[in-house]
Structures are given as C-alpha cells and as structure tokens.
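One structure below.
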Amino acid sequence: MCTGLDSGSGSGFGWRWSQACVCVGGGGGSQWNLLNTSCCCCCSRHRIKSMFYHAYNSYLDNAFPYDELRPLTCDGQDTWGSFSLTLIDALDTYCKSFSEWRLCSRTLDFDIDVNASVFETNIRVIGGLLSAHLLAGRAGMDLEPGWPCSGPLLRMAEDAARKLLPAFQTPTGMRTETVNLLRGWEPSSLEFGALSRLTGDPVFEDAARQALRALWKTRSDIGLVGNHIDISSKKWVAQDAGIGAGVDSYFEYLVKGAVMLQDEELLNMFLEYDRAIQNYTRFDDWYLWVHMHKGTVSMPVFQSLEAFWPGLQSLLGNLDSATRTFQNYYSVWRQFGGLPEFYSIPQGYTVDKREGYPLRPELIESAMYLFRATGDHTYLQLGKDALESIEKITKTPCGYASVKDLRDHQLDNRMESFFLAETIKYLYLLFDPTHFLHGGAMEGEGSWEEGGEGGQCVLGAGGFIFNTEAHPLDPAALYCCSRHNQDRHELRHILLSLSQPGRPVAPPPAQTEGPPLGQSESVALKPGDKKSAPLLSCPVQPFSARLSVLGQVFTEST
C-alpha cells in the first residue's frame with residue numbers, strides 16, 4: 001500500500017499531487033486499470049521523490065564537493081574534472097537546490113590544471129547551468145534585470161564554455177576529446193547553440209556548427225559514419241557504424257537542434273543518416289553494428305546506450321517502428337532487471353565484461369516519450385519495473401550503487417551524476433504527463449512573462465528540449481534573447497551612424513551577435529559607466545511552428 005499527500009508547496013521538480021491517494025498492490029501486474037492509473041502515478045511519484053532525497057542528501061552529506069558519491073563506502077571521488085558535478089547535474093531536477101547555487105559559485109573553478117572531457121563537461125556542466133538558469137524563475141530566485149538573457153548561472157555557463165573553445169581550434173574544425181581548462185588544448189552542440197542565442201555571442205554556435213559540418217563530410221559512400229575519428233587526418237579509426245556509443249548523441253542533437261534552433265539543415269542531415277541506418281543496420285527491429293563502408297554486420301550486439309532511439313524516433317513520428325524496437329529493448333530489461341552495457345542478440349545474453357548496469361536512463365527516457373505520444377500504459381509498466389529494480393537491487397544506506405554484474409546483481413562503488421540528472425527525472429516525468437516540462441501546462445502555470453511597452457516575451461510557451469543529460473532548454477527563451485540582441489545591435493549601428501556626420505546610414509547586417517567583447521554597447525556610455533540591461537521586447541508567439549509542435553518534428557511535406 002502506498003499513500004501520498006499534497007505538500008501544498010509545488011516546489012522542486014513538481015513534487016505535487018492534488019489529493020490523498022491510495023494504491024493497493026505495489027508490485028502490480030502487466031495490466032493497468034484506467035480508474036487507478038492516476039492514483040498509481042501519484043504513488044510512483046511519491047516513491048521517486050523519496051529516491052531522489054535519499055541519493056541527493058547522501059551526496060551532500062558524504063561526498064560534496066567531490067564530483068560523485070561512492071555509495072558503498074559513503075565518501076566521494078572526482079571523476080570528470082572536480083566540478084562538484086553531481087550538485088550541478090541535479091540543479092534542475094530539484095529546483096529547491098537553486099538556493100544552493102552559491103555552493104557552485106564558491107567551489108566551481110574552471111581555472112584549474114585539469115584535462116577535462118569536452119563532451120561530458122558540455123552536457124553535464126554547461127547543460128546543467130543553462131537549464132538551471134532558464135528555470136530560475138520557477139524556483140523563486142531573485143532575477144537580475146534582463147533575465148533570461150543575463151544571470152549568474154548563465155555567466156558561469158559562458159565561463160565554462162570559453163574554456164572548451166580551444167578544443168574546436170583544430171585544422172578540421174572537429175573538436176578534440178579533452179581540453180586542459182588552464183592551458184587550452186593539449187596533444188558540442190545543443191548547449192553551444194543555446195549559449196550563443198542567450199548571450200548574443202555567436203562564437204559558441206559557430207564552433208559547434210563547424211564541427212557538425214566537418215563530421216558530415218566524412219560519411220561513407222553508403223551514408224554511414226563510424227564511432228571514432230582522427231580529427232587531424234579525418235580518417236575513421238573505428239569503422240563500426242551503429243546508433244550507440246560514440247554516435248548516439250550526435251544523432252540525437254541533429255534532431256533536437258533542428259527543433260530548438262529551427263534549423264532545416266540539421267534535420268536534413270539526420271533524415272539522410274536515418275535512411276542509411278534503416279537500410280544497413282536495422283534487422284528485425286534491432287539495430288546492429290555494421291562496417292561503415294560495406295554495410296556488413298561487424299557486431300550483432302545491442303548496447304544500453306542505444307535505448308534512446310525509440311524515443312528519438314517518436315519525435316519524428318515513426319511510432320510503429322519505435323514501439324517495436326522498444327519492446328525488444330524492454331524484453332532485455334525484464335530478463336535482467338536492468339540493461340547490460342552489451343547484449344548479444346544471437347545468444348540472447350550478456351557480453352563478457354559488459355554485464356554492468358550503471359543506472360542509465362535511456363530506456364526510461366524512451367518510455368517517457370512514447371507514453372506522451374501514445375498514452376499506452378505499457379510504458380508505465382516499464383516505469384514500475386524500473387522503480388522496483390532500482391529500489392530492490394541498487395539501494396544502499398548511502399545512496400544508489402551502479403550494478404557491476406546483472407547476472408548476480410553485484411554492486412559497484414559508484415553513483416554517477418546522471419542518476420540524479422536523468423534517470424530519476426525521466427522516471428518522474430513518465431508518471432507526470434501533465435508536467436510543464438512536457439509543454440502542455442495551462443496558461444499561468446507553465447509560462448511566465450518578461451517585457452515592456454514594446455511587447456512581451458512568453459517563456460515556456462513552446463515546450464522544452466532536453467539535452468542528452470536531460471537538462472531542459474527553452475526554445476522560446478533562445479528566440480527572445482536572439483531578438484533582444486538583434487534589436488540592441490541595430491540600435492547600436494544607428495547610434496554609431498548618427499554620431500559620425502556625413503556618414504551614410506547603411507542597413508545593419510542580418511546577424512544576431514552583440515558587440516565585440518570589451519566594447520561598450522552604446523556610444524552614449526563613457527568608459528567605466530555601467531548600463532542596466534533593457535527589458536525584453538519580444539513578440540508573443542515565441543518561435544515558428546513550421547518544424548515543431550510541442551517538441552514533435554515535422555517536415556515540410558507532412
């Protein structure tokens with residue numbers, strides 16, 4: 001029996017339910033009754049909330065300021081750069097922890113002699129800070145004038161991104177895997193695009209787009225890419241083509257970038273890749289690994305990272321294919337109580353030395369998207385199975401531990417930050433289909449406004465896009481800040497023209513970047529003067545719906 005009672009606060013990640021609820025039979029069967037679905041979702045949210053508190057408080061009490069909690073020994077360790085990573089990754093999962101963002105400002109230092117992973121720092125640190133910044137209005141933080149186009153968390157994200165820029169300064173434009181945060185490169189993306197639109201500095205989006213285009217040119221004659229490339233020679237070191245490790249986030253960001261940035265180029269790239277993927281790697285609703293040039297099978301395995309694919313396919317409207325592939329992946333979960341890192345499809349069993357389950361979120365993520373698209377309660381059943389598995393197999397007195405071996409459920413002394421950032425978040429959202437992050441909230445509940453006489457900027461009006469670390473980004477905020485920076489640039493151009501008599505007034509260039517770094521924004525300012533950020537002036541409709549409707553991607557022919 002499970003009971004949950006309305007806390008009345010509405011705080012955090014929406015830990016709320018409208019009334020007392022009682023669910024009988026915690027284990028449940030495979031069938032769901034429409035009459036008790038709401039009740040059981042309520043009870044599941046209550047259990048997930050308790051799960052989050054147990055993991056988050058264990059980290060703060062035993063591991064902070066280290067990156068991660070070691071749940072078997074109740075201490076901490078640095079893994080990805082000494083960023084207090086779990087705190088940053090959890091900021092937007094538990095909004096109340098925004099009050100602790102000052103912990104980040106005191107402990108987070110990017111001027112350190114550390115070789116950091118560009119990818120992991122981007123998706124976890126920059127993505128986490130950007131998302132927390134955009135959700136700050138809901139968390140009751142004091143917002144400075146000009147938010148969401150300015151703010152302390154946004155400045156921290158920008159500082160981190162500038163430390164990563166040297167990784168893109170290569171002959172080919174493709175980024176290095178690591179970068180030294182103090183000294184630069186030594187022998188991304190959704191987040192960089194969002195950062196450029198929010199700050200008005202195009203350098204981040206330009207670097208990411210250059211890397212995407214450079215990688216696009218390296219695809220094989222049959223339209224596939226491998227999973228590891230030499231950025232100097234542009235030669236593929238690992239020529240296995242699939243949808244898992246090494247390329248999963250690449251495909252994910254082409255689709256989500258098309259939605260968030262309203263970019264047809266990115267969508268067309270993905271659609272061409274998808275045609276090759278369906279032709280050469282798909283076998284009976286499984287996706288195998290094949291040689292990128294020949295299309296012959298090289299590894300008949302399923303990787304747990306591939307479980308994001310059904311959710312991504314649902315965004316494109318390919319529900320029939322997505323549901324069948326999901327059922328294949330779900331059958332593996334039911335076999336082991338989790339997804340092993342590698343699963344041999346011909347043998348129907350784990351692959352040697354790849355038997356672990358580090359509490360990954362991908363299958364839960366796909367269940368959330370598919371339930372949102374279909375309303376099929378099969379996906380809620382997966383959520384219940386995941387909740388039971390994680391609680392019974394991985395819970396320790398000090399958090400939740402990765403599973404070292406799913407065959408006998410041995411545990412590993414590690415709780416990765418994505419457990420709080422992704423797994424718990426997607427699990428909660430699966431059981432809360434009306435949450436504002438799904439884009440279906442009512443007016444006054446799911447959107448808020450900033451604006452002046454020139455118009456309003458309605459944020460949260462077009463749904464949210466999750467980065468690959470499940471950090472939600474608001475396309476409407478990006479649009480508003482882009483318009484704000486464009487208006488500021490045009491005003492500056494006019495003022496400069498008027499300040500120089502006899503100079504013809506030419507139309508401003510069609511770009512959105514702000515003034516060069518270190519240069520005053522207006523000729524009316526004197527050196528040393530401060531200028532408060534102007535109020536936003538944005539149209540009510542935040543962005544074009546031609547490519548997306550509430551996160552669903554459509555082509556022009558649809």
Working for side chain to side chain contact (heavy atoms under 4.5 Å, CB included), residues L69 and Y400
CA-CA 9 Å; L69 170 70; Y400 294 84; over 6 Å; no

Is there a donor-acceptor contact under 3.5 Å from the side chain of [X] to the main chain of [Y]?
| X | Y | result |
| --- | --- | --- |
| S344 | Y349 | no |
| H291 | V297 | no |
| K49 | R45 | no |
| T325 | P310 | no |
| N318 | S321 | no |
| N227 | V247 | no |
| H54 | G399 | yes |
| D92 | H471 | no |
| D67 | W80 | yes |
| T281 | G242 | no |

Between [X] and [Y], do the side chains contain an N or O donor and an N or O acceptor separated by less than 3.5 Å?
| X | Y | value |
| --- | --- | --- |
| D412 | S402 | no |
| D240 | H228 | no |
| Q303 | Y343 | no |
| N467 | E191 | yes |
| Y330 | D385 | yes |

Are [X] and [Y] side-chain neighbours, meaning at least one heavy-atom pair lies under 4.5 Å?
| X | Y | result |
| --- | --- | --- |
| M415 | E68 | no |
| K425 | F52 | no |
| L382 | F326 | yes |
| L135 | L91 | no |
| L215 | L212 | no |
| T423 | I390 | yes |
| V259 | L267 | no |
| P358 | R414 | no |

Any chance you could lay out the ring pair (Phe, Tyr, Trp, His ring centres under 6.0 Å) test for Y59 and Y66, step after step, and finish with the verdict?
CA-CA 9 Å; Y59 166 76; Y66 291 103; 9.3 Å; no

Would you please test F302 and L339 for side chain to side chain contact (heavy atoms under 4.5 Å, CB included) and show each step?
CA-CA 10 Å; F302 158 62; L339 290 184; 4.1 Å; yes

Run the side chain to side chain contact (heavy atoms under 4.5 Å, CB included) test against [X] and tell me which residues pass, sequence neighbours left out.
| X | value |
| --- | --- |
| Q278 | D274, R282, Y287, W309, Q313 |
| A194 | L130, M260, L473, L478 |
| D284 | none |
| N328 | D285, W286 |

Within residues 338-357 or reaching into it, pairs that qualify as salt bridge (Lys or Arg N to Asp or Glu O under 4.0 Å) - sequence neighbours excluded
E341-R360, E355-R407

Provide the full list of salt bridge (Lys or Arg N to Asp or Glu O under 4.0 Å) pairs with a residue in residues 116-125, sequence neighbours left out, each pair given once.
E120-R124, R124-E416, R124-E469

Please test L198 against D474 for side chain to side chain contact (heavy atoms under 4.5 Å, CB included), starting from the C-alpha separation and ending with a verdict.
CA-CA 10 Å; L198 290 171; D474 183 0; over 6 Å; no

Between H438 and F464, is the ring centre distance below 6.0 Å?
no

Ring-plane angle category for [X] and [Y], please: parallel below 30°, perpendicular beyond 60°, tilted otherwise.
| X | Y | answer |
| --- | --- | --- |
| F251 | F270 | perpendicular |
| Y428 | H435 | perpendicular |
| F371 | H377 | tilted |

Roughly how far apart are [X] [atom1] and [Y] [atom2], rounded to 0.5 Å?
| X | Y | atom1 | atom2 | answer |
| --- | --- | --- | --- | --- |
| L190 | F466 | CG | CZ | 12.0 Å |
| Y53 | I48 | OH | CD1 | 13.5 Å |
| L87 | F64 | CG | CZ | 5.5 Å |

Quick one: do I243 and D248 satisfy side chain to side chain contact (heavy atoms under 4.5 Å, CB included)? Show the steps, please.
CA-CA 5 Å; I243 59 171; D248 52 336; over 6 Å; no

Ion pair check, K256 and E252, cut-off under 4.0 Å:
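Salt bridge flag = yes for E252 with K256.
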
By salt bridge (charged side-chain N to carboxylate O under 4.0 Å, His left out) - contacts of D320 (at least two apart):
R324

What heavy-atom pair brings [X] and [Y] nearest, and what distance separates the two atoms?
| X | Y | value |
| --- | --- | --- |
| E306 | W289 | OE2-NE1, 2.9 Å |
| A157 | L129 | N-CD1, 3.7 Å |
| A322 | L370 | CB-CD2, 3.9 Å |

State which residues pass side chain to side chain donor-acceptor pair (under 3.5 Å) with [X]; sequence neighbours excluded, sorted by chain then number.
| X | answer |
| --- | --- |
| S249 | T468 |
| N62 | none |
| R275 | none |
| Q410 | D408 |

Report, one line per pair, each donor and acceptor closer than 3.5 Å where one atom sits in a side chain of residues 361-368; sequence neighbours left out.
{"from": "S366", "atom 1": "OG", "to": "A307", "atom 2": "O", "distance (Å)": "2.5"}
{"from": "S366", "atom 1": "OG", "to": "F308", "atom 2": "O", "distance (Å)": "3.3"}
{"from": "S366", "atom 1": "OG", "to": "G311", "atom 2": "N", "distance (Å)": "2.9"}

